[in-house]
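Okay, so here's the structure we're looking at.
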Amino acid sequence: MEGMSGPYQIRGSVSLPEAELQWRFSRSSGPGGQHVNTSDSRVELLFDLAATDALPEVWKARALERLASRLVDGVLTVRASEHRSQWRNRETAAVRLAALLAEATAPPPKPRRATKIPRGINERRLREKKQRAETKRGRQGRDWG
């Protein structure tokens with residue numbers, strides 16, 4: 001299990017640039033034995049979204065807008081510490097970052113076109129409402145006990 005299984009696809013032919021990724025490692029608070037106190041298995045992956053040239057300008061602008069609350073000085077940080085091995089945490093962090101960028105750069109959904117409710121459906125709804133009201137009215141004023 002040596003070597004990362006990158007490059008990580010964002011969407012289409014665009015992938016995460018390995019050269020622009022910064023890794024930071026620290027001790028994890030997650031599961032582990034005696035060895036965990038000495039191994040830096042928690043991973044922080046930093047990606048400078050504001051300075052990157054790997055994304056098309058339109059995608060970059062979209063991502064900067066949508067991820068604004070998660071950015072610190074234009075840098076996006078993803079953490080992973082759920083696995084005991086640093087390697088698996090690196091994989092998790094990179095996949096998470098790619099998924100986050102894919103979602104943030106996706107084109108906005110097409111606006112919904114308002115359509116008219118067919119008359120038949122509306123009439124049926126009103127008929128069922130009347131029927132229900134009749135049923136409830138029939139329950140009033142009687143001593144059911």
Side-chain angles (χ1 to χ4, degrees), residues 1-140:
M1 260 185 23
E2 79 277 338
M4 299 286 283
S5 66
Y8 293 93
Q9 295 288 322
I10 295 175
R11 213 171 51 252
S13 62
V14 181
S15 58
L16 280 178
E18 200 67 48
E20 292 184 29
L21 300 179
Q22 275 186 298
W23 298 92
R24 278 206 303 231
F25 307 101
S26 56
R27 293 196 186 132
S28 176
S29 63
Q34 294 166 330
H35 174 66
V36 82
N37 298 328
T38 59
S39 66
D40 292 343
S41 61
R42 177 183 153 171
V43 170
E44 274 189 16
L45 176 56
L46 293 91
F47 179 63
D48 195 341
L49 187 57
T52 187
D53 292 324
L55 299 176
E57 279 305 312
V58 184
W59 287 23
K60 192 165 139 179
R62 216 180 273 158
L64 283 168
E65 186 186 328
R66 290 183 185 166
L67 298 172
S69 61
R70 288 196 59 160
L71 298 176
V72 179
D73 296 331
V75 177
L76 180 63
T77 306
V78 176
R79 290 176 193 84
S81 60
E82 46 274 14
H83 301 294
R84 286 174 64 167
S85 96
Q86 186 191 96
W87 189 87
R88 283 179 67 193
N89 280 332
R90 283 178 70 137
E91 285 283 293
T92 305
V95 168
R96 209 175 278 166
L97 179 64
L100 198 63
L101 286 173
E103 196 178 315
T105 57
K110 287 194 177 107
R112 183 185 177 279
R113 287 220 325 261
T115 55
K116 196 166 173 251
I117 298 171
R119 191 198 294 159
I121 289 177
N122 213 19
E123 285 174 356
R124 187 181 72 198
R125 182 181 64 86
L126 293 173
R127 230 185 1 258
E128 286 171 357
K129 264 175 79 109
K130 275 202 177 84
Q131 183 64 50
R132 187 91 183 121
E134 263 322 296
T135 305
K136 289 189 169 192
R137 199 175 297 121
R139 292 177 186 157
Q140 285 178 348

> Salt bridge or not for Arg70 and Glu103, using N-O below 4.0 Å?
Replying inline: no

>> Using the rule given for salt bridge (charged side-chain N to carboxylate O under 4.0 Å, His left out), can you reason through Glu65 versus Arg62, listing the C-alpha separation, both sets of side-chain angles and the distance that settles it, and then say yes or no?
In response: CA-CA 5 Å; Glu65 186 186 328; Arg62 216 180 273 158; over 6 Å; no

>> Pair Leu101, Leu67 - check side chain to side chain contact (heavy atoms under 4.5 Å, CB included), show working.
In response: CA-CA 9 Å; Leu101 286 173; Leu67 298 172; 4.3 Å; yes

>> Just to verify, what does Arg24 make a side-chain hydrogen bond (donor to acceptor under 3.5 Å, both in side chains) with, not counting sequence neighbours?
In response: Glu44

>> Less than 4.0 angstrom from a charged side-chain N to a carboxylate O is my criterion; do Glu134 and Arg137 meet it?
In response: yes

> Does the side chain of Thr77 come within less than 4.5 Å of Val72's, by heavy atoms?
Replying inline: no

>> Measuring from atom CZ of Arg119 to atom NZ of Lys116, what distance do you get when rounded to the nearest 0.5 angstrom?
In response: 7.5 Å

> For Glu20, what residues pass the side chain to side chain contact (heavy atoms under 4.5 Å, CB included) criterion, not counting sequence neighbours?
Replying inline: Pro17, Phe47, Thr52, Ala54

>> Determine whether Leu55 and Leu49 satisfy the following criterion, side chain to side chain contact (heavy atoms under 4.5 Å, CB included), listing intermediate values before the conclusion.
In response: CA-CA 9 Å; Leu55 299 176; Leu49 187 57; 3.6 Å; yes

> Which distance, rounded to the nearest 0.5 Å, do you find between the NZ of Lys136 and the CZ of Arg139?
Replying inline: 7.0 Å

>> Please find the pair of heavy atoms, one from Leu45 and one from Ala94, that lie closest to each other, and give the distance.
In response: CD2-CA, 3.7 Å

> What distance separates Thr92 OG1 from His83 NE2, expressed to the nearest 0.5 Å?
Replying inline: 3.0 Å

> Looking at CZ of Phe25 and CD of Gln86, how far apart are the two atoms once the value is rounded to the nearest 0.5 Å?
Replying inline: 4.0 Å

>> Could you check whether any side-chain heavy atom of Glu128 comes within less than 4.5 Å of a side-chain heavy atom of Arg132, counting everything from C-beta outward?
In response: no

> So, does Arg66 use its side chain to make a donor-acceptor pair with the main chain of Ala106 at under 3.5 Å?
Replying inline: yes

> Listed by chain and number, what are the side-chain hydrogen bond (donor to acceptor under 3.5 Å, both in side chains) partners of Arg125, not counting sequence neighbours?
Replying inline: Asn122

> Does a sphere of radius 6.0 Å around CD1 in Ile117 hold more than 12 heavy atoms from other residues, nucleotides or ligands, not counting ones at 6.0 Å or beyond?
Replying inline: no

> Which value, rounded to the nearest 0.5 Å, describes the distance between Thr135 atom OG1 and Gln131 atom CD?
Replying inline: 5.0 Å

> Between Arg42 (side chain) and Arg79 (backbone), is there a donor-acceptor pair under 3.5 Å?
Replying inline: no

>> Restricting to non-hydrogen atoms, name the atom on Ala93 and the atom on Val43 that form the minimum distance, rounded to 0.1 Å.
In response: CB-CG1, 4.1 Å

> Say you draw a straight line from NZ of Lys60 to CG of Asp53; how long is it, rounded to the nearest 0.5 Å?
Replying inline: 5.5 Å

